[in-house]
Number of protein chains: 2
Amino acid sequence: MRDNPRDTVRGRNDVSLADSRPRPDTPVRGRPRSEAVERAILEGVIELLEEGVPLAELSIERIARTAGVGKATIYRRWSGKEELFVDVIRAAEPPEPELPGTSMRDDLLVLLENLRQRGLASRSSALLHNVHAQMKTNPRIWAAYHENVIAPRRNLVLNVLRRGQRDGELRPDVDVELANDLFVGPILVRSVLRPDAELPEGLAEDIVDTVLAGLRPVSSTVSQR
Amino acid sequence: MRDNPRDTVRGRNDVSLADSRPRPDTPVRGRPRSEAVERAILEGVIELLEEGVPLAELSIERIARTAGVGKATIYRRWSGKEELFVDVIRAAEPPEPELPGTSMRDDLLVLLENLRQRGLASRSSALLHNVHAQMKTNPRIWAAYHENVIAPRRNLVLNVLRRGQRDGELRPDVDVELANDLFVGPILVRSVLRPDAELPEGLAEDIVDTVLAGLRPVSSTVSQR
DNA sequence: GCATTTCGATACGGTACCGTCTCGTATCTT
DNA sequence: AAGATACGAGACGGTACCGTATCGAAATGC
């Protein structure tokens, strides 16, 4: 797909639009691109980020150096660091959790526990930090992260909440979007904004039950505002 | 004879390093340092960050260029970009909100509304994004931000919650730290992690009342399906 | 008046990376 | 076998920034 229209040595008689043609046949001629090289590059970037190297300090030369490949091999696949990083995001996406489906509370427990585990993992954290850093400057990176990581998980929670609302486990008058943020907010805040905070064992259950029950003292009447 | 490089560094006040040095003869000789120049540099950095320029792309040369000062003028005050950024954080800190003190709910409304407003402001957001990006690499920047911005606000909320717990507005068995995250989490998640999300007008009130009341249907004793 | 220091400006050598290109070799299709 | 392409390695000219040094002018204390 990302073929190079720059036949170097021979005639450069080509004119204006290089690659506007859809070119359906992938170039099967010549040596094919190594899939192993591709993985080595992506994995190398992930490892560097995990080690705490910020994306801003990653140069193509350094990536090539640590992956043990030539610079041209990288430029053959991606046009630059940001393009590459989009694929890194895709490659690092963890699988979605399986839901028991027995009740809204049970599903929420699984989802929040999964979120807590991800908060404890350096890989997710490193990725999120660097995505976050590039968000303002490079909306494409943010879009890729949102599409590949955030949106799927968010939809999972929203669907669980909607079903819970249908089944009477959730007050019908609450906004499910707000409810979602009430559940995931505490974990996200601790893992992203206060990395020194702890994510203790029973946190997911504490959050679910506390949010469901409310913080007002039990004897208080509902008429209070 | 020119100066040795050590006496140029004298940053004003330090965060983590003790540096209780009682001003080694603030050089009253010669031309004094311009306070206006100092402000111009700090404000220039803040404006650049507000415009979406990431901290990683800020070079001393560029800062000097946009502030209209010489490079040496910057190096005379700070030893590098990170040192400078610590002072930028301090300079951009907004004032703490005033609390009515009439009830826990009223105080929480003010605090969360204040937080919502900050989420809407580009200045806070730009700062937070860049602090966040540097967090892993440069713990000093994170420490400065935590000490100057996060901790004071957090303590404000925690005190309000503790008082509410004493006064019977908050269940005595809930962890105030968890309660804090339940209240601030939704706003922080929306402003930091989902910048496309909205922060609508009545959000603060919605959060406070929903968290206090709980998400479980009122008369229901059913917790499982 | 004079010493001292800061000011903006800019020159300086050094470093790192950019993206392209070339080389010799390896691997695939025809 | 011939042709095409990918591979690692690295040369290449160009750009931006680093941190220091120097300049003449300005601002202060003595």
Side-chain angles (χ1 to χ4, degrees), chain A residues 1-12 14 18-19 23 25-42 44-45 48 53-85 137, chain B residues 1-12 23-42 44-45 48 53-85 137:
Chain A
M1 73 206 282
R2 264 177 272 267
D3 56 359
N4 43 354
R6 57 155 193 252
D7 26 331
T8 55
V9 199
R10 285 309 187 89
R12 204 171 163 72
D14 182 53
D19 205 6
R23 193 126 305 269
D25 50 340
T26 14
V28 275
R29 317 261 306 188
R31 176 175 174 176
R33 295 206 182 149
S34 163
E35 189 62 42
V37 163
E38 198 128 346
R39 279 196 304 272
I41 296 171
L42 293 174
V45 173
L48 284 174
V53 183
L55 183 61
E57 279 180 21
L58 283 192
S59 58
I60 296 291
E61 291 203 343
R62 180 167 179 183
I63 293 171
R65 228 180 296 136
T66 61
V69 306
K71 287 203 297 175
T73 303
I74 295 181
Y75 280 111
R76 211 172 280 128
R77 293 167 163 77
W78 298 279
S79 62
K81 195 169 57 175
E82 286 74 21
E83 281 284 331
L84 166 58
F85 189 51
T137 314
Chain B
M1 171 193 239
R2 226 39 181 182
D3 49 5
N4 47 359
R6 262 320 137 231
D7 63 359
T8 66
V9 196
R10 289 272 45 87
R12 283 294 170 266
R23 197 132 315 271
D25 314 284
T26 317
V28 255
R29 314 266 306 187
R31 177 175 174 175
R33 293 202 184 157
S34 163
E35 190 64 41
V37 163
E38 197 129 346
R39 278 195 305 271
I41 296 172
L42 293 174
V45 173
L48 283 174
V53 183
L55 182 61
E57 279 180 22
L58 284 192
S59 57
I60 297 291
E61 290 202 343
R62 180 167 180 184
I63 293 171
R65 229 180 295 137
T66 61
V69 305
K71 288 203 297 176
T73 304
I74 295 180
Y75 280 110
R76 211 172 279 128
R77 292 165 163 78
W78 298 279
S79 62
K81 195 169 58 175
E82 284 74 20
E83 280 286 331
L84 166 57
F85 189 50
T137 314

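Throughout, protein chains are lettered first and strands after them, A, B, ... in sequence-line order, and every chain is numbered starting at 1.
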Q: Whole angstrom is fine here: how far is it from CD in A:Glu35 over to P in C:dT27?
A: 17 Å
Q. Given atom CD of A:Glu83 and atom C1' of C:dG19, what is their separation to the nearest angstrom?
A. 15 Å
Q: Go through C:dT4, C:dC7, D:dC7 for me and flag the one nearest to the B:Val37 side chain.
A: C:dC7
**Q.** B:Leu42 side chain near B:Leu84 side chain, heavy-atom distance below 4.5 Å
**A.** yes
Q: Please name the pair of heavy atoms, one in A:Leu48 and one in A:Arg62, separated by the smallest distance, quoted to 0.1 Å.
A: CD2-NH2, 4.3 Å
Q.
Please report the distance, rounded to the nearest Å, between CZ in B:Arg33 and P in C:dG8.
A. 12 Å
Q) Over how many whole Å does the gap from B:Trp78 atom CH2 to D:dG19 atom C1' extend? A) 17 Å
Q: Could you tell me whether A:Gly80 contacts a base, only the sugar-phosphate backbone, or nothing, with contacts defined as non-hydrogen atoms closer than 4.0 Å?
A: nothing
Q: Let me know the distance between CD1 of A:Ile74 and P of D:dA9, rounded to the nearest Å.
A: 12 Å
**Q.** Rounded distance [0.5 Å steps], CD in B:Glu38 versus CZ in B:Arg77
**A.** 4.5 Å
(Q) Quick check for you: among C:dC7, C:dC21, D:dC7, whose closest atom lies nearest to any side-chain atom of A:Ser34? (A) D:dC7
**Q.** Distance, rounded to the nearest Å, where B:Arg29 contributes CZ and C:dT4 contributes C1'
**A.** 6 Å
Q) Can you find a donor-acceptor N/O pair under 3.5 angstrom joining the side chain of B:Arg31 to the base of C:dT6? A) yes
Q. What string of B, S and - do you get for nucleotides 11-18 of chain C, 5' to 3', if B is base contact, S is sugar-phosphate-only contact and - is no contact with any protein heavy atom under 4.0 Å?
A. ------BB
Q) Between C:dT27 atom C1' and A:Arg76 atom CZ, what is the distance in whole Å? A) 13 Å
Q: Search all heavy atoms of B:Glu57 against all heavy atoms of A:Thr137 and return the closest pair with its distance.
A: OE2-CG2, 4.3 Å
Q: Locate the shortest heavy-atom distance separating A:Ile41 from A:Ala67; write the atom from each residue and the value.
A: CA-CB, 4.2 Å
Q. Counting only N and O atoms by type, is there a donor-acceptor contact under 3.5 Å from the side chain of A:Lys71 to the main-chain atoms of A:Ala64?
A. no
